[in-house]
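Okay, structure first, notes after.
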Amino acid sequence: MTERMPQSQRKFKQHCSCSLMYQIKIYDGSSTYSTLLGTYSGSSLPSVVVSSGSSLLVHFTSDNIEQKTGFAASYQQNVEASSCSGTTYLYDASGSFTDGSYTYSDYTNGLSCKWLIQPNYSKIKLSFTRFATESTLDTVKIYDGSSTYSTLLASYSGTSLPASVVSTGSSMLVVFTTDSTQTKTGFYATYEQEATTCSGQTTLTASSSSFTDGSVPSMPYLNNKLCSWLISPGYAPISLSFNRFRTQSGYDLVKVRFWQKITSTD
């Protein structure tokens, strides 16, 4: 005699692409006695679950009937999205900023925000690690200077990740504006000095200055280089210090020589 599955279970199986006992239960605490926040099964992606405290228990059970490809989950601190406003001034050598949104929450309508990047070097490189705005209406504009009267380097909107943008000088202005209709998850941007390469001899005559082999902390110098810097500010002694230093030991060398013009007294 063939055992028949109860009708209620048959109906459940028809509406669920997983096994009858394939379930994920999420509790608002450290045990199954804590408040049950949700029970999930099937093939629909569950919504985000947020705990009220500092513990969250995820409990997974499966039966012995059938198998599916399962799940993958991630967790992070739940930080309420904030809104950017006004002008933010960025002076550090490198940094990052966002419109106030996160990957799981949208920015707000009616925004007008600016970020003025002035890190005391030229060739500022701006890159985006995520980008999603309402196409053509919620825009990120990047200017090659400190105001909106400067040259417009780029204007971005939509969901494609923009290409990096590099300034010609030591100031870059980023302007983000949104309308009053649709919103999206916004953007996250980083900036740093663009890596270049040294060549030949450079003469430095200013009373104080700085120089580099062309590298930046996130990108190394190039192979087979021979560069020199002649520092002649018109005074003595000259104090030379290094803010960062990392070369191939024993092979990639920085040599500092003292040179003084000798005037004949004959």
Side-chain angles (χ1 to χ4, degrees), residues 45 48 74 76-199 210-222:
L45 195 66
V48 175
S74 62
Q76 60 185 0
Q77 184 178 10
N78 184 54
V79 182
E80 293 296 329
S82 58
S83 295
C84 61
S85 62
T87 301
T88 301
Y89 298 90
L90 302 171
Y91 300 119
D92 292 338
S94 61
S96 61
F97 58 93
T98 175
D99 53 75
S101 64
Y102 295 88
T103 54
Y104 52 85
S105 59
D106 290 3
Y107 55 78
T108 57
N109 286 320
L111 295 177
S112 179
C113 309
K114 298 178 181 179
W115 294 266
L116 181 56
I117 307 171
Q118 293 182 317
N120 198 30
Y121 57 71
S122 59
K123 299 288 185 180
I124 305 167
K125 181 180 179 181
L126 182 73
S127 304
F128 295 91
T129 57
R130 63 176 174 87
F131 194 95
T133 71
E134 184 183 12
S135 181
T136 70
L137 298 176
D138 296 346
T139 60
V140 176
K141 293 184 177 181
I142 305 165
Y143 295 89
D144 191 19
S146 58
S147 76
T148 54
Y149 294 102
S150 304
T151 301
L152 180 65
L153 293 174
S155 179
Y156 296 124
S157 68
T159 55
S160 297
L161 196 65
S164 297
V165 179
V166 179
S167 71
T168 60
S170 58
S171 294
M172 176 184 282
L173 180 66
V174 181
V175 180
F176 179 50
T177 56
T178 67
D179 66 0
S180 59
T181 56
Q182 186 180 0
T183 61
K184 289 190 178 295
T185 53
F187 67 88
Y188 185 90
T190 62
Y191 71 90
E192 63 183 359
Q193 187 174 19
E194 185 187 36
T196 57
T197 180
C198 63
S199 62
S210 61
F211 58 94
T212 174
D213 52 72
S215 65
V216 294
S218 61
M219 187 175 297
Y221 53 80
L222 301 180

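Computation of the quantities below employed the complete heavy-atom set of this structure, encompassing side-chain atoms and omitting hydrogens, waters and symmetry-equivalent molecules.
- Atom CZ of residue Phe97 and atom OG1 of residue Thr88 lie 9.0 Å apart, to the nearest 0.5 angstrom.
- Atom NZ of Lys141 and atom CG of Leu153 lie 13.0 Å apart (nearest 0.5 Å).
- Here the CG-OH distance, from Leu90 to Tyr191, works out to 4.5 Å after rounding to the nearest 0.5 Å.
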After noting the C-alpha distance and the side-chain angles of Phe128 and Tyr156, does the key distance pass the side-chain contact (heavy atoms from CB on, under 4.5 Å) rule?
CA-CA 11 Å; Phe128 295 91; Tyr156 296 124; 4.2 Å; yes

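- Remark: side-chain polar atoms of Arg130 are paired, donor with acceptor, to backbone N or O of Thr185 under 3.5 angstrom.
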Between Thr148 and Leu173, is a side-chain contact (heavy atoms from CB on, under 4.5 Å) present by the stated rule, with each step listed?
CA-CA 8 Å; Thr148 54; Leu173 180 66; 4.0 Å; yes

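- Contact check for Tyr107 versus Ser83: no side-chain heavy atoms found under the 4.5 Å cut-off.
- Remark: Thr159 OG1 to Lys184 NZ distance equals 7.0 Å, nearest 0.5 Å.
- No side-chain donor from either of Ser171 and Ser146 sits under 3.5 Å from a side-chain acceptor of the other.
- For the pair Thr177/Asp138, no side-chain contact is recorded, criterion being any heavy-atom separation below 4.5 Å from C-beta on.
- In this structure, Thr183 and Asn109 have side chains that are in contact, with non-hydrogen atoms separated by less than 4.5 Å.
- At least one donor-acceptor pair closer than 3.5 Å links the side chain of Thr178 to the backbone N or O of Thr108.
- Rounding to the nearest 0.5 Å places OG1 of Thr136 at 8.5 Å from CG of Asp179.
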Apply side-chain hydrogen bond (donor to acceptor under 3.5 Å, both in side chains) to residues Asp144 and Ser150 and explain how you reach the verdict.
CA-CA 6 Å; Asp144 191 19; Ser150 304; over 6 Å; no

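- Taking CZ of Phe187 as the reference point, atom CZ of Phe176 lies at 5.5 Å (rounded to 0.5 Å).
- At least one side-chain heavy atom of Cys84 sits less than 4.5 Å from a side-chain heavy atom of Leu111.
- Looking at every heavy atom in both residues, Pro119 comes nearest to Asp92 through CB-O, 3.3 Å.
- Of the N and O atoms on the side chains of Tyr143 and Thr151, not one donor lies less than 3.5 Å from an acceptor on the other residue.
- Using modelled atom types, one side-chain atom of Thr133 and one backbone atom of Gly158 make a donor-acceptor pair closer than 3.5 Å.
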Check the pair Met172, Ile142 against side-chain contact (heavy atoms from CB on, under 4.5 Å), reporting the backbone distance first and the verdict last.
CA-CA 7 Å; Met172 176 184 282; Ile142 305 165; 3.8 Å; yes

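- Here the side chain of Ser170 pairs no donor or acceptor atom with the backbone of Gln118 at under 3.5 angstrom.
- Here the side chains of Leu126 and Ser164 are not in contact, with every heavy-atom distance at 4.5 Å or above.
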